[in-house]
Amino acid sequence: MYDYIIVGAGIAGLYASLNIPADKKVLILSKEPVWECNTFYAQGGVATAVDEEDIPSHIQDTLAAGAGLCDPKAVEILSRNSLLVVEDLIARGFEFDKDEEGHLLFTKEAAHSRARILHAGGDATGRELHRFLLRNSPAKLVEGVEVIDLLIEDGVCHGVRVRKGGEQSDIYAKYVLLASGGIGSLYAYHTNATTISADLQGLAALRGIELKDMEFTQFHPTVFVHSKRAQKLLLTEALRGEGATVVDEENRRFLFDYDPRGELAPRDIVSRAIYRHQKEGHSVYLDFSNFSEEFFKKRFPTIYHKFRNLGFYVPYDKVPISPAFHFMMGGIKTDVWGRVPKVRYLYAIGEVACTGVHGANRLASNSLLEGLVFSRRAIEDTLLQKREVPIKSFQKSPITLMLPKDSDFKHRLRSIMWQKVGIIRKKSELKEALEEIEQMQKEPIGYLLKLRLSCAKQIVQSALRRDKSIGAHYIEGE
Ligand code: SIN
């Protein structure tokens, strides 16, 4: 029995735990070792209004990226609170990168009208933040726990049902916060942690909890995809923000054929341009020749070392790139306090949630910010409530998490999602994807695959409902 259960140990879950009063009993559940989360892999940084005067412009850039589908109230909350959460992190001792005079360094990423991205450890912002939050979180954290159900009755959430080491048990809490991240592992190529497999979105779908904006799946344009695993290596947007260029085998900066902003066009435009150029038979590379080696090594140390280890003599060598799935704009629908409608005491925060801040396309580096702002607000909201200790007990029903053939189905699903529910979509292919998913749902499959499939089905159905291209949902032909 806890005051709070937090499902997920990325930025949203950990920062939520830091904002809970010390006398509360808090449990964080992590499916795998705690660093296997998207926060850990985030390179670029935390977008923030630079000062009060920059708020309208940050709001405007966010709304423009979202292609008219953001919730303006949520966006205003995001930007207005950005200064507060950044100050709070700094006051708690977190160190963003600074110049020699001690001023914060802001970088620029695509579709931002000015440099406003804070970073840490050069290109290791996520890793630094994650380590800092883990070190400072007072909560009890348990790894290797799979949340398999939410204990909900009559519109009230009482806790979660979990599996750990083959044992199933129920854990009760006054407040449950879902902070389990996105859906990367549904796609054949993605930049996400390997654990990010749409479990709770799938569970929400099975439980009749509303998912929103599920057709809006974001693809990152600059990813090194030549590796065996589905998880691919990201080359941060900040590289382009600071001067890296996208070229083809003839060294031509072909992005300008597609958009006058070239490398700094929004990432859906850049992803589509690269995808099309590759389909026409070209090879595409990220070129760092605008950087000196000294600057590159200091500013992008993770990328420098990773690619030197892979045999690329960066910044002198170009790196072959492709787009890959990166971020889920949609998710479990919440209000601007992270509350899940129609289920009292249940909250969703971070990438698993759809607060409405991203609309049809997320502005670069607004995701870590969203995790910070809305986790803090969710906790603020719980502190205004007076919840009695839950005393319900729920009937147990045994489940089989995995079956031997699941792995084949999982790979089939990934390839369907990549080919038919990807960067450029056709109605006919979306229909085929739906049929194939429904076919797999009829097979004898394990529970975890069932969750993946039910989330994938929501994505495809949402995509089928939207006839026109908008933001990251791009429809071409029948
Ligand atoms: C990046 O570093 O390019 C990713 C940042 C983001 O996804 O916002």
Side-chain angles (χ1 to χ4, degrees), residues 10-12 37-48 58 61-62 65-66 70 75 78-79 82 96-97 105-112 115-130 181-184 187 189-193 196 216-225 231-246 263-271 274 286 288 296 299-304 306-307 319 321-329 331 350-351 357-359 361-373 471-472:
I11 191 165
C37 65
N38 278 353
T39 300
F40 182 86
Y41 291 100
Q43 293 179 355
V46 182
T48 174
H58 180 217
D61 289 349
T62 303
C70 301
V75 174
L78 180 80
S79 189
S82 63
F96 287 105
D97 293 339
L105 282 168
F106 294 91
T107 190
K108 185 163 161 52
E109 291 182 359
H112 283 273
R116 62 161 76 88
I117 324 288
L118 290 170
H119 45 90
D123 56 1
T125 313
R127 195 170 70 215
E128 293 297 320
L129 258 173
H130 193 240
I183 61 145
Y187 279 88
Y189 301 100
H190 66 81
T191 61
N192 291 189
I196 301 297
F216 299 120
T217 55
Q218 184 174 73
F219 296 86
H220 197 289
T222 58
V223 182
F224 178 71
V225 295
Q231 183 194 15
K232 307 294 179 192
L233 199 50
L234 180 72
L235 287 141
T236 175
E237 185 112 14
L239 285 158
R240 279 174 288 133
E242 299 195 25
T245 55
V246 174
E263 280 84 1
L264 293 184
R267 55 175 68 153
D268 61 315
I269 294 174
V270 179
S271 290
I274 293 175
L286 198 56
F288 316 107
F296 191 83
R299 175 67 184 90
F300 302 107
T302 314
I303 290 170
Y304 175 85
K306 281 201 169 141
F307 281 91
V319 169
I321 50 161
S322 276
F325 172 84
H326 184 58
F327 184 85
M328 182 52 159
M329 269 73 74
E351 193 174 344
V357 289
H358 305 306
N361 202 8
R362 175 178 63 92
L363 184 67
S365 286
N366 263 352
S367 48
L368 292 179
L369 178 63
E370 181 192 21
L372 293 167
V373 167

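Indexing begins at 1, ligand by ligand and atom by atom, following the structure's order.
- Residues satisfying the side chain to side chain contact (heavy atoms under 4.5 Å, CB included) criterion with S367, sequence neighbours excluded, are F327, R362.
- Atoms of ligand 1 lying under 4.0 Å from any heavy atom of H326, numbered from 1 in the order shown and given with element: 4 (C), 6 (C), 7 (O).
- Interface of H220 with ligand 1, defined as ligand atoms under 4.0 Å from a residue heavy atom, comprises 1 (C), 3 (O), 4 (C).
- What sits closest to atom 1 (C) of ligand 1 on the protein, heavy atoms only, is T236 OG1, 3.3 Å.
- Tested against T191, the residues H326, Q231, Q43 include a single side chain to side chain contact (heavy atoms under 4.5 Å, CB included) partner, H326.
- Within the 4.0 Å heavy-atom shell around ligand 1 one does not find A238.
- In terms of N/O distances under 3.5 Å, ligand 1 is not approached by L363.
- For T302, the side chain to side chain contact (heavy atoms under 4.5 Å, CB included) partners are D123, A124, R127, K306, not counting sequence neighbours.
- In this structure a side-chain-to-backbone donor-acceptor pair under 3.5 Å is missing from Q218 to A472.
- By the 4.0 Å heavy-atom criterion, R362 is counted among the residues contacting ligand 1.
- Per-residue contacts place R267 under 4.0 angstrom from the following atoms of ligand 1 (heavy atoms of the residue considered): 3 (O), 4 (C), 5 (C), 6 (C), 7 (O), 8 (O).
- Close approach of ligand 1 to S365 is summarised as follows: ligand atoms under 4.0 Å from at least one heavy atom of the residue are 5 (C), 6 (C), 8 (O).
- Residue A364 approaches ligand 1 through these ligand atoms, each under 4.0 Å from one of its heavy atoms: 8 (O).
- For F300 and F288, the ring centers are positioned 6.0 Å apart or more.
- In this structure, the side chain of S271 does not engage the main chain of D268 through any donor-acceptor pair within 3.5 Å.
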Stepwise side chain to side chain donor-acceptor pair (under 3.5 Å) check, S79 with H58: CA-CA 7 Å; S79 189; H58 180 217; 2.9 Å; yes
